[in-house]
Amino acid sequence: MSADIIDGKAFAATVREKVAMHVARMVEEHNLKPGLAVVLVGEDPASQVYVRNKGKQTAESGMASFEHKLPADTDEATLLGIVEQLNADPSVHGILVQLPLPKHLNSDLIINTIAPEKDVDGFHVVNVGRLGAGLKSMVPCTPLGSLMMLKDYHGDLSGKNAVVIGRSNIVGKPMAQLLLGANATPTIAHSRTANLQEVVREADIVVAAVGRPEMVTGDWIKPGATVIDVGINRIPAPEKGEGKHRIVGDCHYESCAAVAGAITPVPGGVGPMTIACLLANTVTAAARSAGLPEPEGLTV
Ligand code: NAD
């Protein structure tokens, strides 16, 4: 195995340190305590784990953490009412509605009811549009964390060919926008892309956000390329015991690492950066709400 390992866990710890430093300074100098409100509807076990981790890390960084746990049969009017209440609450600077929502709720309507300046997930159409237009926005956390790692590893991304596999609004599309903003030349590949392997083999940077365990193998990767594996897939692991699982990415780690110049592991790559960037976005939102300068080191 020859690739450098891009250690997202360690990087996320440095982002969290910066977050805590900015929070301490904002509290001390401006009497401003950034606050993040997370709304969880229903009892999806993965979402419960995410929300618990987010709440814990928010509090550890010195911010205020607010959790709203609602039953799965919560109606739309009730949820919209809570979002409106958080929009109006001056102690809340960031609002996150945990997705996926139960099917009877209109996710687009709910996300687009969050005040854009408090939309720390960056999913509101105003933030999507602002990112596309190259304006100051709230940037979705997973692509933000991925770009931070790429910039940290490479410095300048000018002239690099980047292939993003996956065109979701949460990862693929904003990732491509960020790469474009960083002067790379992005291609968005997806389930209907012809000759996917050949397209990927042209890339200096591969970002895999597909949701298919270990789909990308070493023979897809140009020697020396950088691989950012966004995928989080739970697969059976009978070798660990009956009914056990393990987490793998969208890239086959061993074969890709044998060819790539650098790679993010799963777990321990993009995942920890995503939560760190949520905290970073909340601090940025709080600073903007008070007309303070952009906190250093928390955006790209
Ligand atoms: P999604 O299902 O919304 O989108 C997947 C995309 O992959 C689609 O655009 C589709 O066109 C493309 N695709 C599907 N099959 C393909 C194929 N055979 N070839 C090429 N493209 C194909 O998923 P998402 O929300 O973007 O998430 C993608 C992955 O990233 C999932 O594994 C998810 O768990 C993970 N994820 C991780 C984090 C994190 O914090 N690390 C955050 C969000 C998502």
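Atoms within each ligand, like the ligands themselves, are counted from 1 in listed order. Every heavy atom of this structure was used, including side-chain atoms; hydrogens, water molecules and symmetry mates were not.
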Taking every heavy atom of M26 against every heavy atom of P34, the minimum-distance pair comes out as SD-CG, 3.9 Å

| said: Quick one about D75 and T78 (side-chain donor to acceptor, distance below 3.5 Å, no hydrogens or angles considered), yes or no? | reply: yes

message = In the structure I gave you, are the side-chain heavy atoms of N281 and C141 within less than 4.5 Å of one another anywhere?
response = yes

**Item:** Heavy-atom side-chain contact between K244 and E239 under 4.5 Å
**Value:** no

Polar pairs, ligand 1 vs protein, N/O only, below 3.5 Å.
| residue | atom | partner | partner atom | Å |
| --- | --- | --- | --- | --- |
| ligand 1 | 9 (O) | R167 | N | 2.8 |
| ligand 1 | 11 (O) | S191 | N | 3.3 |
| ligand 1 | 11 (O) | S191 | OG | 3.4 |
| ligand 1 | 15 (N) | R212 | NE | 3.2 |
| ligand 1 | 21 (N) | S191 | N | 3.2 |
| ligand 1 | 26 (O) | S168 | OG | 2.5 |
| ligand 1 | 32 (O) | I232 | N | 3.1 |
| ligand 1 | 34 (O) | I232 | O | 3.3 |
| ligand 1 | 40 (O) | T274 | OG1 | 2.8 |
| ligand 1 | 41 (N) | V230 | O | 3.4 |

* With the side chain counted from C-beta on, respond yes when L96 and V39 share a heavy-atom pair under 4.5 Å apart, and no when they do not. => no

With distance as the sole criterion, is a donor-acceptor pair present between the side chains of D119 and N127 under 3.5 Å?
-> yes

